[in-house]
Amino acid sequence: MHFSKLFAPTLKESPADAEVISHKLMVRAGMIRQVASGIYSILPLGLRVLRKVEQIIREEINQVGGQEVFLPSIQPAELWIESKRWDFYGKELLRFKDRHNREFCYGPTHEEVITDVVRKEIRSYRQLPVVFYQIQTKFRDEVRPRFGIMRGREFMMKDAYSFHVDEEDTQRTYHKMAKAYSNIFNRCGLKFKQVQADSGTIGGSFSHEFAVLADSGEDNIGFCELCGYASNVELAKSKPSPASTPQTQQQDLKEVETPGKKTVEEVASFLNIPAQHIVKTILFENENGLVAGLVRGDHEINLIKMKNLIGCESLHPAEEDVIAKHPELHCGYLGPIGLKIPIYVDHEVSVLHDFVTGANKPSAHFTGVQVERDLKIEKTGDLRTVMTDDPCPNCETGKYQVTRGIEVGHIFILGTKYSSAMKAVYIDQQGKENPMVMGCYGIGVGRTAAAAIEQNHDERGIVWPRNLAPFQVVIIPVNYSNDELKVVSDAIYERLQEMGIETLLDDRSDRLGGKLKDADLIGVPLQIIIGPKNLAAGQVEIKIRKTNESNLHPYPQVVEDIPDILKSL
RNA sequence: CGGGACGUAGCGCAGCCUGGUUAGCGCACUUGACUGGGGGUCAAGGGGUCGGAAGUUCAAAUCUUCUCGUCCCGACCA
């Protein structure tokens, strides 16, 4: 490709509306342009990268028996009504009507459609298992799209679905798929972790996320370097402390005045005690009304764990106006004693003695609170979000590291949720009808490319992992209008093309500085710089983008070495 | 959905508070010349419904109201 013919509108300055580095660099490198909030046009350089990701995905998913299909982006409401998700999915589902006034949606995911295909065509256990996948544009009307292509509303996704006779067989495919995912992200040159994850609204029995470790990630990942345990903090288990016996005699319950001291920090410094000796009470609302969660003052309560412990349908932090309807509730002075709603307690609280809680009246707290003596507990369990340096729940001496992660892949075992609702059944060996057991496996294609930039960039621009680079080599003649430089540049270009190496020839009339800046920005792994002085000495300069290392090599022999140099990167 | 901010040339911004001829700057763009190893120099140019609508005023980029768009924080989220 000649650079003069490539549509790569590079920018010197970062766009004002970009926040994270991958977004800035993708726009600056001329890979993408925004069309509307969360909706982007992918320009040639961007598409080349996405195609690389797609191809890697195809190869690995084919390898584990996936068959590629292409399902409609527009889906009829009937299927979603059948699966009960038409009402459940909410505003994120983009809905509209056709000219006959029939309702449709733009597919945010494709369980319904693929299940519909399978139920119509597959009858017997002999035809199972099957794995289908597609790479398709999805639309989710996110409340807040951000970070460019990383969290767009419209986005490219690989989604795969598997159908099985039973859970055990589903697990076999699930594990194969997990391995394929590891291969994919390794080939993409990413540092990632496979972590336990919440299955969210897709539903199902268990699931793993593939998280690329990067500060700009929106998830928190907890992992133990010693034993390898890794989980999204949404459900990362906390290790219960052993029950302790009080060193002195139990204190008596005592009410103290704490005017204006509402936060844990304020109360801790006012009473001159550590935050660990305070227990905070957090109000939530579920389908049955208000409930309270208790965690230690220095801990954060975890909504998902709370929901799981209660076993309720929905759970969210109590709204202010709901709290306002209860005159006995005083925010800042909430406490479990005398509270007339179900109380759920973190197990770290249950081993405490002589702690402080709100007194359920303005400007007062209790000290000397004892769990056994003073609290009426609905249930105790793991309620808090783990933090760095917390003990690992899985091994003896390990500790949690908590870092940010970008969720690039997610795999689920769905069970029979969709097959039951939509009657996707097979006949087993006994001639009996059973719902198929399903698995589902997604990868964000654009997000994977963006995550690769988050992990591989420097102050000059993108440093593409070799397998994702839009071009492997860029040839930069210092002055292409100089005949000798042009002849050599063209010759190298021709030869590399013959060798099947994706090469960009910067034939533009720009000055060298500009061409180098663009090459750095775009992130092509190898630069071949051809200048008059070096060439007169029979040499060309080879520069490695990643390390900025630059070496002179004899021309023309060096051209034949390029494949090896690339492999060594 | 709650809170905050922004919208002026392709991009990045100033001007607005305190209304007053032809609305500026940098980059980019066009033409020419000189240049040619990290965005060079000089000269000459082109490009604007100041997001939109209504209002206040002798006069609106500037003040008011409404509206649309975009971004940030939060809530939410395969």
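The side chain of A:Asp520 lies closest to B:G38 when the candidates are B:C71, B:C76, B:G38. The A:Lys517 side chain lies nearest to B:G38 when the options are B:G36, B:U70, B:G38. Of the candidates B:C71, B:A75, B:G36, the closest approach to any side-chain atom of A:Arg144 belongs to B:A75. Comparing atom distances between the A:Asp518 side chain and each of B:G74, B:G38, B:G39 picks out B:G39 as nearest.
Pair check for B:A60 finds none; no Watson-Crick or G-U wobble contact set falls under 3.5 Å. Under the Watson-Crick and G-U wobble criteria, each requiring two contacts below 3.5 Å, nucleotide B:C1 is paired to B:G74. Using Watson-Crick or G-U wobble geometry with both donor-acceptor distances under 3.5 Å, B:U22 finds no partner in any strand shown. Pairing for B:C66 goes to B:G52, judged as Watson-Crick or G-U wobble with the two contacts each under 3.5 Å. As the counterpart of B:U30, B:A44 is assigned, both hydrogen-bonding distances of the Watson-Crick or G-U wobble pattern falling under 3.5 Å. Pairing of B:G38, defined by two Watson-Crick or G-U wobble distances under 3.5 Å, is not identified with any nucleotide.
The NE2-P distance, from A:His23 to B:C71, rounds to 8 Å in whole Å. Distance CZ (A:Arg85) to P (B:C77): 15 Å, rounded to an integer number of Å. Nucleotide B:A75 holds its P atom 12 Å from the CZ atom of A:Arg151, rounded to whole Å. For the pair A:Phe147 CZ and B:C73 C1', the interatomic distance rounds to 11 Å; values are reported in whole Å. Between the CG atom of A:Asp17 and the P atom of B:C71 there is a distance of 6 Å, rounded to whole Å. Distance CG (A:Leu303) to C1' (B:C77): 12 Å, rounded to an integer number of Å. Residue A:Phe412 contributes atom CZ, which lies 12 Å from atom C1' of B:C77 at whole-angstrom precision.
Taking the six-membered ring where the residue is Trp, A:Trp80 and A:Tyr89 present perpendicular rings, their angle passing 60° and hence far from 30°. Taking the six-membered ring where tryptophan is involved, the planes of A:Tyr40 and A:His23 are perpendicular, since the angle between them exceeds 60° and thus also 30°.
Counting any heavy atom pair closer than 4.0 Å across all strands shown, A:Ala18 reaches no nucleic acid atom. At the heavy-atom level, A:Ser550 lies nowhere under 4.0 Å from the strands shown.
Other residues, nucleotides and ligands contribute at most 12 non-hydrogen atoms within 6.0 Å of the CD atom of A:Glu484.
Relative to the six-membered ring of A:Phe155, A:Lys138 misses at least one condition, a distance below 6.0 Å or an angle of at most 45° to the axis.
Applying the 3.5 Å distance criterion, the base of B:G39 shares no donor-acceptor pair with the side chain of A:Arg511. Between the side chain of A:Glu13 and the base of B:G26 there is at least one donor-acceptor pair of N/O atoms closer than 3.5 Å.
Side-chain atoms of A:His457 and A:Glu454 include no donor-acceptor pair closer than 3.5 Å.
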Problem - Criterion side chain to side chain donor-acceptor pair (under 3.5 Å) on A:Asp520 and A:Gln527, from CA distance to verdict - result: CA-CA 9 Å; A:Asp520 287 345; A:Gln527 302 172 3; 2.7 Å; yes
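Residues A:Arg153 and A:Lys543 each lie close to RNA chain B; by heavy-atom proximity, the contact nearer the 5' end of the strand is made by A:Lys543.
Using atom P as the reference point in both B:U65 and B:C17, the two lie 15 Å apart (nearest Å).
The side chain of A:Gln34 places no N or O atom within less than 4.0 Å of a non-bridging phosphate oxygen (OP1 or OP2) of B:G69.
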